There are 2 protein chains.
Amino acid sequence: MASQDHSYLHKKVMPIGTVCELTGLSERQIRYYEERKLIFPQRTDKGNRKYSFSDVESLMEIANKMEDGIQTAEIRKELLKRKEKNSEESLRNTMIKGQLNAQFHKGSIR
Amino acid sequence: MASQDHSYLHKKVMPIGTVCELTGLSERQIRYYEERKLIFPQRTDKGNRKYSFSDVESLMEIANKMEDGIQTAEIRKELLKRKEKNSEESLRNTMIKGQLNAQFHKGSIR
DNA sequence: CGTGTAAGGAATTCTGACACG
DNA sequence: CGTGTAAGGAATTCTGACACG
């Protein structure tokens with residue numbers, strides 16, 4: 001419930017040109033990382049990509065890893081692991097909340 | 001020093017089309033409010049406007065006032081007043097800091 | 001005053017491909 | 001594998017103007 005939603009952080013609002021300036025990457029690179037499933041911009045109804053600030057942050061991490069000679073396939077694996085971890089965490093949190101809720105209704109708390 | 005800098009909030013990153021979607025205003029309206037000096041987008045080297053999330057917030061305030069029948073000249077005056085207030089406030093803060101600093105160096109504090 | 005619109009041009013973005021290594 | 005580039009088209013944005021009220 002406080003996991004994210006920094007409201008603006010995840011809003012897809014900027015065109016690829018802005019992302020180039022912010023990250024120092026070329027359009028080619030940015031589109032390629034999307035092709036390799038490392039980032040997921042939104043599309044307008046007519047096909048133009050829109051990115052969020054968190055996409056920009058991701059791209060900067062990716063750029064660093066690429067400089068270290070890590071391949072896109074590797075980077076994708078790391079992302080998947082991170083995703084798993086987050087799911088586990090949120091599952092755990094959900095369960096804890098469930099426990100608390102049960103205690104609350106039993107009257108043990110409050 | 002903690003006055004703003006929500007980092008992303010003031011970064012000029014989005015094109016006018018995105019702003020239209022976010023605010024529900026037309027390009028014409030957005031450009032007109034700029035002409036009336038209510039908002040100040042950045043320009044790319046080739047003349048394209050770039051807006052920040054705070055610009056979007058301003059525009060939504062402006063839109064509300066326009067609906068209430070307030071004229072752009074009035075709205076601009078309100079903005080100027082707000083600006084004055086902020087300057088006063090930051091001047092006051094600066095002075096307080098100066099006082100504290102003086103006390104500190106005199107050795108009265110610490 | 002505030003906003004819609006047609007006009008014409010300039011800048012942006014898109015895709016698929018060829019190239020190099 | 002990762003990235004540059006030329007190619008051609010489509011979508012976006014820009015300005016100045018005319019219109020209406």
Side-chain angles (χ1 to χ4, degrees), chain A residues 11-80, chain B residues 11-80:
Chain A
K11 255 196 150 90
K12 309 277 188 175
V13 298
M14 44 185 135
I16 197 165
T18 302
V19 179
C20 289
E21 284 182 3
L22 261 40
T23 62
L25 298 169
S26 67
E27 295 188 11
R28 185 70 167 93
Q29 289 174 304
I30 295 171
R31 294 203 193 99
Y32 181 65
Y33 300 153
E34 175 183 359
E35 187 183 319
R36 303 314 313 278
K37 303 209 158 63
L38 302 182
I39 46 167
F40 309 91
Q42 262 183 15
R43 294 290 186 128
T44 62
D45 47 334
K46 287 156 186 167
N48 281 46
R49 278 167 265 247
K50 288 294 175 199
Y51 301 84
S52 66
F53 278 109
S54 74
D55 288 329
V56 171
E57 291 182 359
S58 298
L59 281 167
M60 299 185 75
E61 275 192 58
I62 292 169
N64 284 332
K65 291 179 183 169
M66 292 300 288
E67 278 181 25
D68 295 348
I70 305 181
Q71 294 190 321
T72 56
E74 287 303 314
I75 299 177
R76 184 161 64 252
K77 282 179 198 166
E78 292 178 30
L79 290 181
L80 289 177
Chain B
K11 257 203 150 87
K12 307 277 190 176
V13 298
M14 45 184 135
I16 197 165
T18 302
V19 179
C20 289
E21 284 183 3
L22 261 40
T23 62
L25 297 169
S26 68
E27 295 188 11
R28 184 68 166 96
Q29 289 174 304
I30 295 171
R31 294 204 193 99
Y32 181 66
Y33 300 152
E34 175 184 359
E35 188 184 316
R36 303 312 315 277
K37 303 211 158 62
L38 302 183
I39 47 168
F40 309 91
Q42 262 184 13
R43 293 289 187 130
T44 65
D45 48 334
K46 286 155 187 167
N48 281 47
R49 277 168 266 248
K50 288 295 176 197
Y51 302 84
S52 67
F53 279 110
S54 73
D55 288 329
V56 171
E57 291 183 357
S58 299
L59 282 168
M60 298 185 76
E61 276 192 58
I62 292 169
N64 284 332
K65 292 179 183 169
M66 292 300 287
E67 278 182 24
D68 295 348
I70 306 180
Q71 294 191 322
T72 57
E74 287 303 312
I75 299 177
R76 184 160 65 251
K77 282 178 198 166
E78 291 179 32
L79 290 181
L80 289 177

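Below, chain A is the first sequence line, B the second, and so on; all start at residue 1. Quick caveat, the model's predicted, so the values are computed rather than measured.
Atom-to-atom distance recorded for A:Arg76:CZ and A:Ile70:CD1 is 14.0 Å, nearest 0.5 angstrom. Rounded to the nearest 0.5 angstrom, B:Met66 CE and B:Ile75 CD1 are separated by 5.5 Å. Residue B:Met60 holds its CE atom at 7.5 Å from CG of B:Leu22, rounded to the nearest 0.5 Å.
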Below 3.5 Å is the cut-off: list the nitrogen or oxygen pairs between protein and nucleotides 3-10 of chain C, distance only.
residue : atom : partner : partner atom : Å
C:dT3   : OP1  : B:Gln29 : NE2          : 3.1
C:dT3   : OP1  : B:Tyr33 : OH           : 3.0
C:dT3   : OP2  : B:Tyr33 : OH           : 2.9
C:dT3   : O4   : B:Arg28 : NH2          : 3.0
C:dG4   : OP2  : B:Ser26 : OG           : 2.7
C:dG4   : N7   : B:Arg28 : NE           : 3.2
C:dG4   : O6   : B:Arg28 : NH2          : 3.0
C:dT5   : O4   : B:Arg28 : NE           : 3.3

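Between the P atom of C:dT12 and the CE atom of A:Met14 lies a distance of 17 Å, rounded to the nearest Å. Nucleotide D:dG2 holds its P atom 12 Å from the CD1 atom of A:Ile70, rounded to whole Å. Distance NZ (A:Lys65) to C1' (D:dG2): 17 Å, rounded to an integer number of Å. What separates OH of B:Tyr51 from C1' of D:dT12 is a distance of 13 Å, to the nearest Å. B:Asn48 has its CG atom 12 Å from the C1' atom of D:dT15, to the nearest Å.
B:Arg31 comes within 4.0 angstrom of a nucleotide base, judged by non-hydrogen atoms across all strands.
Note on B:Arg49: every side-chain N or O is 4.0 Å or more away from OP1 and OP2 of D:dT13.
Remark: DNA chain D forms stems of 3 or more consecutive Watson-Crick or G-U wobble pairs, all pair distances under 3.5 Å, at C:2-5 with D:17-20, C:17-20 with D:2-5.
In this structure, of C:dG2, D:dT15, C:dC14, it is C:dG2 that holds the atom nearest to the side chain of B:Arg36.
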For residues 24-33 of chain B, tabulate all N or O donor-acceptor pairs below 3.5 Å that involve a side-chain atom, not counting sequence neighbours.
residue : atom : partner : partner atom : Å
B:Ser26 : OG   : B:Gln29 : N            : 3.1
B:Ser26 : OG   : B:Gln29 : OE1          : 3.3
B:Glu27 : OE1  : B:Arg31 : NH2          : 2.6
B:Gln29 : OE1  : B:Ser26 : N            : 2.8

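Shown here for B:Tyr51 and B:Glu34, the closest heavy-atom pair between the two residues is OH-OE1, 4.3 Å.
For the residue pair A:Asp55/A:Ser52, the side-chain donor-acceptor check at 3.5 Å is satisfied.
Taking a cutoff of 4.0 Å between a charged side-chain nitrogen and a carboxylate oxygen, B:Lys65 and B:Glu78 qualify as a salt bridge.
Atom NZ of B:Lys11 has 12 or fewer neighbouring heavy atoms from other residues, nucleotides or ligands inside a 6.0 Å radius.
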